[in-house]
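Dumping the structure here so I can ask a few things about it.
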Amino acid sequence: MKQRLAILGSTGSIGTNTLDVVARHPERFEVFALTAATQVDLMLQQCLQFKPRFAVMASVPHGKELAEQLATQGSTTRVLSGEVALAEMAGHDEVDAVMAAIVGAAGLAPCLAAARAGKRLLLANKEALVVGGEVFMHAVREGGATLLPIDSEHSAIFQSLPEDPLTWAGRVDKIILTASGGPFRTRDPITLRDVTPEQACAHPNWVMGRKISVDSATMMNKALEVIEARYLFGLAPDRLEVVIHPQSVIHSMVQYKDHSVVAQLGTPDMRVPIAYGLSWPERMSSGAEALDFRTLAEMSFESLETRGHPERFPGIRLAWDALNGPVGTTAVLNAANEVAVAAFLERRIRFDQIHAVNVETLAAVTTTVPQSLADLLALDAESRVVAEQAVARLGV
């Protein structure tokens, strides 16, 4: 039988790459639901091509616009709107697998719905773990969901670990996440105050959305990935390491107790981890180019400290600070960073002030142990208010 998919965030980079992989295997997959925020035109094209039973837009006006356009095309796709509909699709009885690719804390509720419903959950939403933490992992365990990481780094780690999760802690020495270093790896840290949004979004290796591109430029994406790895793989923070690997060929590594290292290599193409998640435990064609070692000039590695740390990438250390802080601190960090990055993209603060907003917010917000989605959302909202206040004080 075909695997029925709900793709949350289908118009984003992960969503479009997922549909590209799905289109290559029509005999294996059926698109049951697509969801998006505001991109009506692209959602219209996707609905006409993949004919999902449901399409969900974030707002009623966008949903109405999509429904009207689909009607003129004779489409039978039913259009829904809002957060409730989003969560309903993630946990729908007829859905086998959920691609969770909504950017930001907005993706937390549908991820929880999919986890509680015991879905095969392909996780590309960092915030489910960074914000949700143990609340999310509890939902995964209680619902019996199958959690498969889609971020290239976490997929690489997953592929490099033993099959039995119960043996991870006893056999693994540490996990090593690789980072490209982004577009400013060799730039003089003093000049970072002059970085423009356009420069920050020009990643040398990956094609990504604007928010994650800025996170890559500040290395906050790697801080968030360290937090994700802590929850995904259950190792203590001091057994998580980051190394700069500019070529983005090795996507991450696992060092074992005997000091042997297992790594996953490939071209920097998100269709590879997507295809692996969709087909696991099997393998199938992704559409990505094969890695050609005959033309691979070099693979080099650098310590974070050798490139001017902490002046260049101060945000990376916030991962360990947050993990070693009170429960909920990682949610505060995520909210502050979302606000700070948005402010930078809107040219309300400088590039180098993103870190300052994060640090100020972490210092100002007192956390209590979150027990539910409501607690997480309340902590997220409070942190955003404090971060906006920091932006207002620092604003250019």
Side-chain angles (χ1 to χ4, degrees), residues 3-10 12 14-15 18 29 31-35 54 56 58 80 82-151 153-155 157-158 161 164-166 168 224-225 227-235 273-274 276-281 323 327-328 330-331 334-335 369-380:
Q3 190 175 167
R4 288 164 294 190
L5 306 176
I7 303 175
L8 313 181
S10 67
I14 297 294
T18 300
F29 303 104
V31 178
F32 182 84
L34 298 174
T35 85
F54 294 95
V56 180
L80 306 174
E83 295 179 3
V84 173
L86 192 62
E88 180 184 346
M89 290 301 104
H92 199 286
D93 288 344
E94 296 185 57
V95 167
D96 300 311
V98 176
M99 171 60 77
I102 296 175
V103 176
L108 178 56
C111 281
L112 279 168
R116 288 169 179 151
K119 301 301 180 186
R120 181 190 184 102
L121 180 52
L122 284 63
L123 190 65
N125 172 278
K126 297 180 186 299
E127 291 72 22
L129 288 162
V130 177
V131 178
E134 189 51 43
V135 172
F136 175 71
M137 292 306 296
H138 178 75
V140 170
R141 291 190 295 269
E142 289 294 301
T146 300
L147 186 60
L148 299 170
I150 298 301
D151 274 354
E153 295 82 1
H154 299 98
S155 177
I157 294 164
F158 183 69
L161 283 167
D164 184 1
L166 296 177
W168 290 351
L224 299 177
E225 287 169 11
I227 295 169
E228 282 185 276
R230 166 71 182 91
Y231 286 110
L232 277 170
F233 307 116
L235 297 187
I274 288 169
Y276 182 69
L278 286 169
S279 63
W280 180 86
L323 285 171
V327 176
T330 58
N334 178 77
V369 178
Q371 302 289 340
S372 64
L373 175 59
D375 291 344
L376 292 169
L377 294 178
L379 180 58
D380 178 80

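Note that the coordinates shown come from a computational prediction; the quantities given were computed from them, not determined experimentally. The residues of the chain are indexed from 1 along the displayed sequence.
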**Report entry** Taking every non-hydrogen atom, the tightest pair across Tyr231 and Gly133
**Finding:** CZ-CA, 3.7 Å
Report task. Could you check Leu108, Ile227, Leu232 and say which one makes a side chain to side chain contact (heavy atoms under 4.5 Å, CB included) with Leu129? Result -> Leu232
Query raised in the report: Who pairs with Glu83 by side-chain contact (heavy atoms from CB on, under 4.5 Å), at least two apart in sequence or on another chain?
Result: none
**Report entry** ring pair (Phe, Tyr, Trp, His ring centres under 6.0 Å) partners for Phe32, two or more places apart
**Finding:** Phe54, His92
Query raised in the report: Does the side chain of Ser10 come within less than 4.5 Å of Thr18's, by heavy atoms?
Result: no
Requested in this report: Answer whether the closest heavy-atom distance between the side chains of Trp168 and Pro165 falls below 4.5 Å.
Outcome: yes
Report task. Could you tell me whether the side chain of Thr35 and the main chain of Gly9 form a donor-acceptor pair under 3.5 Å? Result -> yes
Query raised in the report: So which pairs with a foot in residues 104-125 pass side chain to side chain donor-acceptor pair (under 3.5 Å), sequence neighbours left out?
Result: Asn125-Glu127
**Report entry** Smallest separation among heavy atoms of Ser155 and Tyr276, with atom names
**Finding:** OG-CD2, 4.1 Å
Query - Leu86 vs Ile102, side chain to side chain contact (heavy atoms under 4.5 Å, CB included): CA-CA, chis, key distance, verdict - result: CA-CA 11 Å; Leu86 192 62; Ile102 296 175; 3.6 Å; yes
Query raised in the report: Atom CZ in Phe233, atom CD1 in Ile157: separation rounded to 0.5 Å?
Result: 4.5 Å
Report summary line: Correct closest heavy-atom pair for Gly82 and Val56 would be O-CG1, 4.0 Å
Query - Atom pair OG/NE2 of Ser372 and His138 - distance to nearest 0.5 Å - result: 11.5 Å
Report summary line: On a heavy-atom basis, the closest approach of Ala331 and Leu379 is CB-CD2, 3.9 Å
Report task. Check side-chain contact (heavy atoms from CB on, under 4.5 Å) between Asp164 and all other residues, then give those that pass, not counting sequence neighbours. Result -> Leu166, Thr167
Query raised in the report: With side chains defined as the heavy atoms from C-beta onward, is the minimum distance between Val135 and Gln371 less than 4.5 Å?
Result: no
**Report entry** Shortest non-hydrogen contact between Arg4 and Glu94, atoms and distance
**Finding:** NE-O, 3.0 Å
Requested in this report: Please report the C-alpha distance between Phe158 and Trp280 in whole Å, then the side-chain angles of each, then the deciding distance to 0.1 Å, and finally whether the side chain to side chain contact (heavy atoms under 4.5 Å, CB included) criterion is met.
Outcome: CA-CA 11 Å; Phe158 183 69; Trp280 180 86; 3.5 Å; yes
Report task. Measure the CG-CD distance between Leu80 and Glu88 for me, rounded to the nearest 0.5 Å. Result -> 6.5 Å
Query - Nearest heavy-atom neighbours spanning Met89 and Ala33 - result: SD-CB, 3.7 Å
Exercise answer: donor-acceptor pairs, residues 140-151 side-chain atoms, under 3.5 Å, sequence neighbours excluded:
residue: Arg141; atom: NH1; partner: Glu134; partner atom: OE2; Å: 3.3
residue: Arg141; atom: NH2; partner: Glu134; partner atom: OE2; Å: 2.1
residue: Asp151; atom: OD2; partner: Lys126; partner atom: NZ; Å: 2.8

Report task. Return the set of residues passing side-chain contact (heavy atoms from CB on, under 4.5 Å) with Ala101 (not counting sequence neighbours), or none when no residue passes. Result -> Ile14, Met99, Ala124
